[in-house]
Number of protein chains: 2
Amino acid sequence: MDKRSISSSMEDYLKTIFELGETSVKTQTLAEELSVSSASVTGMLKKLSDLKLVHYERYHGVSLSKAGRLIALETLRHHRLIETYLTEALGYSWHEVHDEAEKLEHHISEDFEDRIAELLGHPTYDPHGDPIPQRDGSVPVSLGKPLTEQHEQETLVITRVKEQKGDVLKYLAEHQLIPGSEITLIQKAPFNGPLTIKTSRQTVALAFELAKLIEVERLAVLDSSS
Amino acid sequence: MDKRSISSSMEDYLKTIFELGETSVKTQTLAEELSVSSASVTGMLKKLSDLKLVHYERYHGVSLSKAGRLIALETLRHHRLIETYLTEALGYSWHEVHDEAEKLEHHISEDFEDRIAELLGHPTYDPHGDPIPQRDGSVPVSLGKPLTEQHEQETLVITRVKEQKGDVLKYLAEHQLIPGSEITLIQKAPFNGPLTIKTSRQTVALAFELAKLIEVERLAVLDSSS
DNA sequence: TAAAAAACTTAGTCTTGCTTAAAAATAGTT
DNA sequence: AACTATTTTTAAGCAAGACTAAGTTTTTTA
Ligand SMILES: [Mn+2]
Ligand SMILES: [Mn+2]
Ligand SMILES: [Mn+2]
Ligand SMILES: [Mn+2]
């Protein structure tokens with residue numbers, strides 16, 4: 001319960017479990033995501049379990065407890081608010097914010113959090129379209145669906161880009177593939193092949209795996225609701 | 001030499017040695033300032049000495065090496081830029097910034113440092129009047145002298161308040177005793193007794209020890225130089 | 001100047017978070 | 001169902017940075 005006894009490391013574990021897990025998360029998956037050994041993960045899971053922050057059954061994966069979920073959301077809120085702030089207030093590009101936020105998320109005070117949230121007008125989405133958990137623990141909904149699930153010839157708006165790597169994000173931004181951009185899906189090659197997309201400026205081909213990370217909404221839906 | 005191998009703890013030790021020491025700093029002084037045991041200090045000094053960041057002679061105190069001084073200045077620059085930024089950009093009061101800066105100073109990137117410095121117009125003093133070390137390692141001069149060394153009836157401008165404690169700073173601010181304020185030294189009680197000061201709004205009595213932490217310049221000097 | 005006091009260092013532990021290597025459990029395959 | 005491959009856990013240990021208790025060195029004082 002005492003927030004002050006949660007280390008940066010624990011926060012990263014809880015946040016990562018949240019991000020990975022609709023359902024229960026496997027040791028190895030966590031290990032890869034956090035770049036530590038499986039043995040390290042097992043050790044940390046035991047500790048988090050003792051603190052009642054996760055439900056952990058040996059050999060069968062983890063999931064977050066109520067208390068653990070709150071800490072995960074709090075950390076994620078810090079991360080995404082910081083990303084938004086760095087972009088809006090300090091002129092960072094969206095591909096530069098992740099690493100800075102990954103460190104700062106553990107070290108800002110609640111006061112700092114409140115101040116930048118206020119200054120940004122209590123934003124609900126970060127520069128990548130990721131929902132920013134709110135102070136009450138609620139998480140804004142994401143209505144978008146992966147670009148790979150859309151039909152050809154559809155005109156779409158990008159709502160979210162689920163990618164962290166700076167170089168990929170930089171590439172996408174150079175081609176206007178950022179939240180808010182309007183695009184048309186020209187062609188989907190069969191057998192999970194590349195997708196051809198028309199942006200306001202040009203036509204781009206995207207690998208299936210990358211396109212899967214881009215979430216979009218149908219333009220018509222947006223228009224009728226506004 | 002490799003900045004990446006310097007821990008937060010080391011940065012705090014180096015910064016504190018810099019702040020305490022014109023000359024060599026004693027183990028116990030450091031221990032008190034950092035709120036750790038003397039044994040911990042000895043242990044860390046040995047490590048810093050191995051890394052050539054300090055000159056350390058057993059039983060005879062430490063001082064910074066060239067390399068150690070650079071790290072101390074870098075950390076202090078972070079600290080004071082952050083304090084300034086929190087005040088100017090996020091609306092913090094000057095008594096709230098220290099604790100936040102104490103943590104963040106170790107976790108911001110050089111890019112972040114540059115961006116806030118730029119945004120603030122490359123400031124030379126922080127909200128307390130402390131000089132902000134510059135990127136090239138130079139430190140702006142402080143011309144002020146302690147209030148306790150001034151003559152009665154002198155009209156003065158506060159240039160610096162060398163106090164960290166939030167409650168004291170809050171009190172001082174409530175009485176306009178902040179850098180930039182014009183004051184008159186009405187009376188100095190003998191035997192290091194309290195000082196009576198007139199501000200723009202009222203007359204205040206300050207304990208000698210507190211007044212010693214307030215640095216001022218003579219108003220005439222300021223006028224002639226402007 | 002020698003004893004007492006104060007300051008400092010050494011020695012031995014603890015905690016946190018990580019590692020590798022070995023053992024155990026689960027999952028997959030014939 | 002038994003054997004093998006994979007995953008996970010246990011065991012042992014390292015590095016930081018802190019602590020307490022005990023031993024040294026320096027400083028003070030009588
Ligand atoms: Mn992190
Ligand atoms: Mn994001
Ligand atoms: Mn610090
Ligand atoms: Mn300051």
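In the text below, chain A, chain B and the rest are named by the order of the sequence lines, each starting its count at 1.
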Given [options], which nucleotide is nearest the side-chain atoms of [X]?
{"X": "Thr27(A)", "options": "dT9(D), dT10(D), dG17(D)", "value": "dT9(D)"}
{"X": "Arg58(B)", "options": "dA25(C), dT24(D), dT10(C)", "value": "dT10(C)"}
{"X": "Ala39(A)", "options": "dC8(C), dA21(C), dA11(C)", "value": "dA21(C)"}
{"X": "Met44(A)", "options": "dA21(C), dG17(C), dA18(D)", "value": "dG17(C)"}

Is the shortest side-chain N/O distance from [X] to OP1 or OP2 of [N] below 4.0 Å?
{"X": "His60(B)", "N": "dC8(C)", "value": "no"}
{"X": "Lys47(B)", "N": "dA15(D)", "value": "no"}
{"X": "Tyr13(A)", "N": "dC18(C)", "value": "yes"}

query: Between Glu96(A) and Leu169(A), is any pair of side-chain heavy atoms under 4.5 Å apart?
result: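 They are not in side-chain contact.
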- request: For the residue pair Thr124(B) and Gln134(B), establish whether any side-chain heavy-atom pair is separated by less than 4.5 Å.
  value: yes
Which part of the nucleic acid, if any, lies within contact of [X], taking any heavy atom under 4.0 Å across all strands shown: a base, the sugar-phosphate backbone alone, or nothing?
{"X": "Ser40(B)", "value": "base"}
{"X": "Thr42(B)", "value": "base"}
{"X": "Ser37(A)", "value": "base"}

query: So, for His78(A) and His107(A), is the gap between ring centers shorter than 6.0 Å?
result: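 They do not qualify: ring centres at least 6.0 Å apart.
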- prompt: Mapping Ser38(B) and Val36(A) onto DNA chain C by nearest heavy atom, which one lands closer to the 5' end?
  reply: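 Nearest nucleotide further toward 5': that of Ser38(B).
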- request: Take Ser9(A) and Tyr56(B), find for each the nucleotide of DNA chain C with the closest heavy atom, and name the residue whose nucleotide sits nearer the 5' end.
  value: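 The residue mapped nearer the 5' terminus is Tyr56(B).
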message: In terms of relative ring orientation, are Tyr92(B) and Phe112(A) parallel, tilted or perpendicular, with 30° and 60° separating the classes?
response: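 Rings of Tyr92(B) and Phe112(A): tilted, as their planes differ by 30° to 60°.
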